[in-house]
Amino acid sequence: MKLYSTIDRKVVEIETIKKDEISIYSCGPTVYFRMHIGNIRAYINWDVLHRALVYLGYKVNRVMNITDVGHMSSTDDFGSDFGEDKMDRQAQREGIQPIDIANKYIDSVLNDFRDLNILAPCGQSIPHDLTYKDVERYGWSRASNFVNQIIEMIKRIEKNGYTYETKQAVYFDVSKLSDYNIFTGQELSEKEIGVRDEVNVDPEKKNPADFVLWMKRVGKYENHIMNWPSPWGDGFPGWHIECSAMGTSILGEKFDIHTGGVDHIPVHHTNERAQNIGTYGHPSVKYWLHNEWLVSKEDSKLSKSSGAETLPQVIDLGFEPMDVRYLFVSINYRTRIAYSVDGLKGARASRLALLRKLEELGSDSGNVIEEYIKKFKEELENNLNMSGVFRLINELLKSEYPRGDILATIYEYDKVLGLNLKQGISKEYDSEIEELLSLRKEARENGDFAEGDRLRDLIMQKGFRVMDTANGQTIQRV
RNA sequence: GGUGACGUAGCCAAGCUGGUUAAGGCCGUGGUCUGCAAAACCACUACCAUGGGUUCGAGUCCCAUCGUCACCUCCA
């Protein structure tokens, strides 16, 4: 398996720590807002990685965190370490407790994941009745349940001499790590130039890059809702320590893969790595993998503040969740995707065409074509070359292999693609449409094509396209 | 200012361990099929940002230039 390692800055051959086993930590959702289409892209990409590794024979140990504490905002205090806590703020907005906010949005994440056929981190499909209550049994870990581990980790970092404490917080002293900037290659001294308006609310902070491990319940946070006791006083964990603590306490001091968005490279993952070294004396993550962003047509970034579409909005536009999945599955995780409704339309057209072709192949599944399984695995192993996989599908559809074998092979591919190809085209329509269809069939059998065309137009107005095939009428939602 | 990613057809996107005709899809056009359509099938649509260099040979390696984007501040 070859993947792009961010620190190595190239595609590398993956050598797992334990033979035939691979451990993955995926930066998961922060649950105070409805996941947007950009988040979805990331989770679909890593879902494909997960499925691909399973398909290639690895035993996958995967965990995905849910950040439900202490995520701070700097929108109100530019450059400040002491912005509002987003969970708190959203709770105040909605007039409920932070934990209720978290639970509410965890459920919305589960719904989206389920609709998009994204597996739970444990590798199972997400059950229909799964809610926030049982999420940890399926491989998610909630930061709020790891506060003890977080405190223990900070204690170790402190003992190893990487921290200092002020009246307001416990900081990680980045000057203690010579290769702190390994991810970006950017010198800390040069970094300061750009951050001109930095407002150091904490006058005792030594270096602007130093980051909070434990935030005390003082000053602005005197009334902070989520708090825990600690050796440094009541307070809550900093934004980076949760991931370090959860990753290493669940997957071990060293694990194979850590995934996240490219935006995490310079700060979040840089700090996570620093914390791991501060704790264990060595890095914990063997390969850091990062997914690129979605950009709008003007090539500027999508963010949750730009009104990017959520899954329900996309569905309202007439798309199915699998159209979204098709779009994101067919493009490599490192390619910046120009996202647009037109792009989504193209994905939908491709997907429906594929389903139609599969339907024409019949329903008798034969034997998988070994040659094409081999090619499939080669594409997966080649840094998840998903475009190549779709090329193989098209080759197969045009090939002379027995129909059942083509079908079986493509269904085999779908174990990784996760497009629910076996379910075929959604045929759901009501009795009214059904009646119109039978009337049209009758009219055409009687040679009354004018009536047949009228009924076809009528059905079209009700949102379905009628097609006459060798097997009779078939219908498709427009 | 610094750091990084990237520039392939109308659009999306492979190819980048250099080597016959630069994958595949979407859209479009022409045709076959069809009562007419739709679907399907066939055909057509690329001076690989620019300029140098290395090489028998470069989209693919090296250098420069131009351009785009991101990050350095919460974000996938």
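Numbers restart at 1 for each chain; the letters A, B, ... are given by sequence-line order, proteins then strands.
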Open item on the list: Can you confirm whether more than 12 heavy atoms, excluding those of A:E13, are under 6.0 Å from its CD atom?
Closed with: yes
Task: Among B:C72, B:A37, B:A76, the one nearest A:P266 by side-chain distance - done: B:C72
Task: N/O (side chain, A:N385) to phosphate O (OP1/OP2, B:G15) under 4.0 Å - done: yes
- [ ] Output yes when at least one side-chain N/O atom of A:K345 is less than 4.0 Å from OP1 or OP2 of B:C12, else no.
- [x] no
- [ ] Would you classify A:R356 as touching base, sugar-phosphate or nothing, given that sugar-phosphate means primed atoms plus P, OP1 and OP2, and contacts are heavy atoms under 4.0 Å?
- [x] sugar-phosphate
Open item on the list: Less than 4.0 angstrom between a side-chain N/O of A:S330 and OP1 or OP2 of B:C26, yes or no?
Closed with: no
- [ ] Choose from B:A40, B:C36, B:A76 the nucleotide whose nearest atom is closest to any side-chain atom of A:A353.
- [x] B:A40
TODO: Measure the distance from CH2 on A:W293 to C1' on B:C6 and round it to the nearest whole Å.
DONE: 17 Å
- [ ] Determine which nucleotide pairs with B:U20, using a 3.5 Å limit on both distances of a Watson-Crick or G-U wobble pair.
- [x] none
TODO: Give the rounded distance in Å between these two atoms: CH2 of A:W288 and P of B:G4.
DONE: 19 Å
Task: A:K462: partners by salt bridge (Lys or Arg N to Asp or Glu O under 4.0 Å), with sequence neighbours left out - done: A:E432
Open item on the list: Measure CG/A:N65 against C1'/B:A76 and give the value in whole Å, please.
Closed with: 12 Å
Task: Non-neighbouring partners of A:V170 that pass side chain to side chain contact (heavy atoms under 4.5 Å, CB included), sequence neighbours left out - done: A:I154, A:T163, A:E165, A:L213, A:W214, A:W232
Output a table of nitrogen or oxygen pairs between the protein and nucleotides 16-24 of chain B separated by less than 3.5 Å.
unit_1	atom_1	unit_2	atom_2	d
B:G24	O2'	A:N394	ND2	2.7

Open item on the list: Does anything in residues 259-273 of chain A form a salt bridge (charged side-chain N to carboxylate O under 4.0 Å, His left out)? List the pairs, not counting sequence neighbours.
Closed with: A:D179-A:R273
Open item on the list: What is the distance, to the nearest angstrom, from the CD1 atom on A:I265 to the P atom on B:C74?
Closed with: 15 Å
TODO: If B:A40 has a Watson-Crick or G-U wobble mate with both distances under 3.5 Å, name it; if not, just say none.
DONE: B:U32
- [ ] For A:E451, check salt bridge (Lys or Arg N to Asp or Glu O under 4.0 Å) against everything at least two apart and list the hits.
- [x] A:R454
TODO: Only counting residues at least two apart or in another chain, list the ones meeting side chain to side chain contact (heavy atoms under 4.5 Å, CB included) with A:S108.
DONE: A:R34, A:Y105
TODO: When you get a sec, tell me which of B:G35, B:A76, B:C69 is the closest nucleotide to the side chain of A:R336?
DONE: B:C69
Open item on the list: By nearest atom, which of the nucleotides B:A13, B:C26, B:G35 is closest to the A:S350 side chain?
Closed with: B:C26
TODO: Among the candidates B:A76, B:A40, B:A14, find the nucleotide nearest to the side-chain atoms of A:K357.
DONE: B:A40
Task: Any donor-acceptor N/O pair under 3.5 Å between B:C6 base and A:R334 side chain - done: no
- [ ] Ignoring backbone atoms, test whether A:R465 places a side-chain nitrogen or oxygen under 4.0 Å from the OP1 or OP2 oxygen of B:A39.
- [x] no
TODO: Ignoring the backbone of A:A349, work out which of B:C27, B:A14, B:G35 is nearest its side chain.
DONE: B:C27
